[in-house]
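Naming: A, B, ... by sequence-line order, numbering from 1 per chain.
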Number of protein chains: 2
Amino acid sequence: MTAPAHGQEVVPKFRGPATTAPLGVELSERETPVHPDTRRRAPAAHVTLDAVAREAGVSLATASRALNGTTRVRDDLRGRVRAAADLLGYIPNAHAQALASAEGNRTVGLICHDVGDPYFAGIAGGVMRAAAEQDLLVMLASTFREPAREIAYVSMLRAQRARAILLIGSGFQDRAWERAMDAELEPYVRAGGRVAVVSRHRSMRVDTVQPENRAGAAALAASLVALGHRDFAVLSGPPELTTVADRLAGFREGLAAAGITLRRVVQGAFTREGGHAAARQLLAAGDARPTCVFAVTDVMAVGALAALREAGVRVPEDMSLAGFDDIPVVREVSPPLTTVALPLTEMGEQVIALALRTPSRAGRSRVLRIEGNVVLRGSTGAPPGS
Amino acid sequence: MTAPAHGQEVVPKFRGPATTAPLGVELSERETPVHPDTRRRAPAAHVTLDAVAREAGVSLATASRALNGTTRVRDDLRGRVRAAADLLGYIPNAHAQALASAEGNRTVGLICHDVGDPYFAGIAGGVMRAAAEQDLLVMLASTFREPAREIAYVSMLRAQRARAILLIGSGFQDRAWERAMDAELEPYVRAGGRVAVVSRHRSMRVDTVQPENRAGAAALAASLVALGHRDFAVLSGPPELTTVADRLAGFREGLAAAGITLRRVVQGAFTREGGHAAARQLLAAGDARPTCVFAVTDVMAVGALAALREAGVRVPEDMSLAGFDDIPVVREVSPPLTTVALPLTEMGEQVIALALRTPSRAGRSRVLRIEGNVVLRGSTGAPPGS
DNA sequence: GCGCTTTCAGAAAGCGCTTTCTGGTAAGGT
DNA sequence: ACCTTACCAGAAAGCGCTTTCTGAAAGCGC
């Protein structure tokens with residue numbers, strides 16, 4: 001969902017009345033009233049509890065208790081401490097708190113491939129909503145699909161002693177990566193860290209929110225067969241992603257149940273451009289075109305739709321097209337895309353809930369299966385000539 | 001971009017071969033090989049540097065130096081420390097490190113209204129890419145447009161001693177809020193914290209990446225006038241957002257330059273639904289329809305486009321429609337939307353660069369102006385009957 | 001061989017908090 | 001009036017690191 005790819009764009013020379021300097025140029029530096037303390041090179045340190053206690057004329061311990069309300073503190077003292085804290089703009093140092101107190105800190109880590117991808121954005125939104133309700137801060141990292149970066153992030157989150165680490169998106173089917181990831185996660189879990197994932201590799205023994213990719217794809221296949229289609233192609237993603245493998249397998253199963261064999265699989269990147277390229281490749285092949293195409297994700301389907309339109313293939317009259325995930329954009333395109341709907345926001349809420357819930361029993365991991373619903377929209381119809 | 005709103009959807013009863021339990025039901029608990037240490041109720045604590053030092057038979061100080069490479073350590077000792085650290089799966093406690101060492105920690109805070117909104121997702125993506133290059137962890141928070149939550153997050157980030165706090169999106173034009181925000185930010189900045197914003201309120205004296213909303217909207221207006229339009233309406237957002245005010249004012253200016261007065265402003269929420277509702281409201285009004293509508297954000301424009309389609313209004317034949325931002329989805333809809341393009345990813349990269357760069361001079365704040373480019377696409381054309 | 005610098009490991013002092021532990025004072029019991 | 005209890009403020013001990021400071025051992029010129 002990055003490049004133009006279709007539709008003519010006209011960028012007029014005209015710039016309007018208030019044309020400005022080219023991007024990247026600093027236009028102004030504004031003078032700000034400077035606090036006397038600020039002028040010195042070394043910035044004033046953060047206000048500490050010690051300063052608050054001194055200001056209030058009480059001991060450190062009393063100040064701490066007054067602010068946290070852990071133990072009863074005489075009202076007048078508490079008042080003085082509160083006032084002093086306000087006056088000085090005191091904020092406790094979370095690092096010191098985390099160090100000193102037994103209870104873990106209030107951050108959870110969330111690792112996804114790309115926040116820009118609506119699939120991840122949807123899940124991340126759910127995680128954040130749930131986190132906000134519990135006063136948790138979310139540390140979000142994008143791996144940009146680099147396995148090494150993912151492991152590096154887990155390591156950083158471990159260092160932060162994040163209360164939980166959430167991994168969103170397919171794991172890499174790569175022995176070395178799996179081992180490295182395990183090596184990071186095992187000591188973390190052993191030390192009481194919580195891990196939960198959305199659709200990871202099966203070998204990972206952690207709490208999982210697992211979309212029913214296989215069943216969903218099979219159900220979609222059955223629905224498409226019911227529309228009259230017999231001749232299918234799949235636009236697939238990187239086969240090392242478990243999600244891709246599952247959806248492909250499920251789609252094959254669904255077809256097989258009707259005695260149909262999948263004719264063609266074209267592989268592309270897991271992006272809009274990947275879907276676009278895969279669709280072009282499919283069309284370029286000389287042989288007879290399938291009547292129906294399934295792209296393993298909506299993001300790819302959107303790219304494919306653009307490619308079909310550019311090639312003059314009408315959807316669904318000449319060819320039906322379906323995706324998977326039900327990201328918001330599929331309702332905006334024309335025709336709106338048939339897909340398998342996943343409750344993304346809810347999945348995000350579930351995965352953080354899973355992670356935060358007290359472990360059910362030592363050594364047990366839970367799997368929460370999320371059913372996908374086939375949603376038929378305008379992009380699918382009866383095959384041509386029927 | 002959440003509700004169905006258009007297009008008929010058919011959810012077939014058919015569920016496919018592998019129908020599963022309803023969402024929310026735990027299907028399985030898998031047995032995991034349990035490490036002996038894990039069985040006890042209290043989880044084994046995290047491995048500490050002390051443990052590593054003892055394992056390696058050196059002092060704490062030496063272990064620290066060996067791992068950080070701050071000072072020369074005899075090769076054999078260093079080797080032993082490294083080996084011990086690996087063996088035990090040691091990860092330094094970032095909190096302790098932050099507390100002990102003068103140099104700030106490696107996290108930056110990013111506060112936006114909603115990660116699910118493509119505008120913010122685009123900018124956040126840029127921030128994360130830049131952060132990744134510098135080994136920084138991003139703490140991302142969504143305010144869901146609640147001013148109180150925004151302030152609470154700043155407070156949390158202050159507590160975390162985040163190296164920088166990035167605020168994305170319009171500030172609230174509300175005196176109380178401004179004062180509260182200032183009260184949070186002032187001590188943070190005074191203590192050496194860095195703050196940078198994308199398009200905030202003018203009163204905030206911090207480094208700013210400022211899209212040229214006014215000029216962009218004016219340029220857009222001029223372009224639309226050039227197409228022949230004389231009769232305009234604007235679908236506006238909450239007027240207390242500075243971005244809205246600027247774009248509306250700029251659009252008015254652009255029209256005024258051609259001697260045209262804006263006929264109608266309909267206000268809606270800053271979401272797809274807001275745009276949808278505003279467009280409906282516009283159409284419902286009995287008086288003559290404008291020939292061209294400007295929605296102050298693309299997200300609203302997408303909603304408006306759906307509303308127009310539902311009402312049978314053809315775009316651009318009956319009515320032209322334009323937005324602002326150039327989020328990815330506007331290229332996917334039909335017709336693709338005319339808009340003012342903002343380099344979202346780059347803006348994200350710029351804002352974090354601005355924050356991390358050493359302050360130019362005490363008490364100076366920089367403003368980096370980002371020019372928007374008018375991009376004419378299929379959603380705009382000549383007015384009907386011309 | 002003596003005093004010098006240089007190198008580098010270990011001891012110890014914090015960083016800013018929380019949480020015992022300790023002890024002083026006021027209230028209550030006999 | 002004396003002793004127990006209860007209550008609550010302050011002292012002090014860490015949490016897990018980094019970074020002085022200290023001092024032992026080694027290298028060097030004379």
Side-chain angles (χ1 to χ4, degrees), chain A residues 42-82 84-85 88-106 156 158-161 187 191-192, chain B residues 42-82 84-85 88-106 156 158-161 187 191-192:
Chain A
H46 286 276
V47 177
T48 68
L49 183 58
D50 191 66
V52 173
R54 201 151 26 208
E55 172 79 23
V58 300
S59 74
L60 199 61
T62 303
S64 171
R65 286 187 284 240
L67 260 19
N68 298 319
T70 38
T71 318
R72 268 216 68 70
V73 173
R74 221 168 55 210
D75 285 355
D76 59 325
L77 292 191
R78 182 152 33 92
R80 263 164 43 206
V81 171
R82 292 256 171 86
L88 300 175
Y90 169 73
I91 289 281
N93 183 324
H95 297 303
Q97 285 186 315
L99 245 198
S101 71
E103 68 167 288
N105 63 7
R106 306 212 58 82
M156 290 180 82
R158 272 224 287 156
Q160 296 286 339
R161 301 296 187 261
Chain B
H46 286 278
V47 177
T48 68
L49 184 58
D50 191 68
V52 173
R54 201 153 25 208
E55 171 80 23
V58 300
S59 75
L60 200 60
T62 303
S64 171
R65 287 187 284 242
L67 259 18
N68 298 319
T70 39
T71 319
R72 266 217 69 71
V73 172
R74 222 169 54 212
D75 285 355
D76 58 327
L77 291 192
R78 182 153 32 92
R80 267 173 27 214
V81 172
R82 292 256 171 86
L88 300 175
Y90 169 73
I91 290 280
N93 183 324
H95 297 303
Q97 284 186 316
L99 203 52
S101 71
E103 69 167 286
N105 63 6
R106 306 211 59 81
M156 290 180 81
R158 272 224 287 155
Q160 296 287 340
R161 301 294 186 264

Task: Span of DNA chain D in contact with chain B (heavy atoms, under 4.0 Å) - done: D/dG16 to D/dT20
Task: Rounded (10°) bend between the five-pair end axes of the helix from C/dG1-D/dC30 to C/dT30-D/dA1 - done: 50°
Task: Spacing of B/S64 atom OG and B/D50 atom CG [to the nearest 0.5 Å] - done: 12.0 Å
Open item on the list: Need one value for B/S64: base, sugar-phosphate or nothing, where a base atom within 4.0 Å counts as base even if backbone is also close, heavy atoms only.
Closed with: base
Open item on the list: Need to verify one output field. Residue with the more 5' nearest nucleotide on DNA chain C, A/R65 or A/L60?
Closed with: A/L60
Open item on the list: If you compare all heavy atoms of A/R161 against all heavy atoms of B/P92, which two are closest, and at what distance to 0.1 Å?
Closed with: NH1-O, 3.9 Å
Task: Spatial distance of atom CZ (B/R82) from atom CG (B/L77) [nearest 0.5 Å] - done: 12.0 Å
Task: Separation between CG of A/L60 and CZ of A/R65, rounded to the nearest 0.5 Å - done: 9.5 Å
Open item on the list: Working to the nearest 0.5 angstrom, can you tell me the gap between B/H46 NE2 and B/I91 CD1?
Closed with: 10.5 Å
- [ ] May I have the step-by-step check of side chain to side chain contact (heavy atoms under 4.5 Å, CB included) for B/H95 and A/Q97, ending in yes or no?
- [x] CA-CA 9 Å; B/H95 297 303; A/Q97 285 186 315; over 6 Å; no
- [ ] Go through the steps to decide whether A/T48 and A/R54 satisfy the test side chain to side chain contact (heavy atoms under 4.5 Å, CB included), and finish with yes or no.
- [x] CA-CA 10 Å; A/T48 68; A/R54 201 151 26 208; 5.8 Å; no
Task: Shortest non-hydrogen contact from B/Y90 toward B/L67 - done: CE2-CD2, 3.8 Å
- [ ] Side-chain contact test, heavy atoms from C-beta onward, threshold under 4.5 Å: evaluate it for A/V73 versus A/V58 and give yes or no.
- [x] no
TODO: Search all heavy atoms of B/R78 against all heavy atoms of B/A66 and return the closest pair with its distance.
DONE: CD-O, 3.8 Å
Open item on the list: By nearest heavy atom, map A/S59 and B/P92 onto DNA chain D; which one lands nearer the 5' end?
Closed with: A/S59
TODO: Can you sort out which residues in residues 67-79 of chain B have a heavy atom within less than 4.0 Å of DNA chain D? Ascending by number, please.
DONE: B/N68
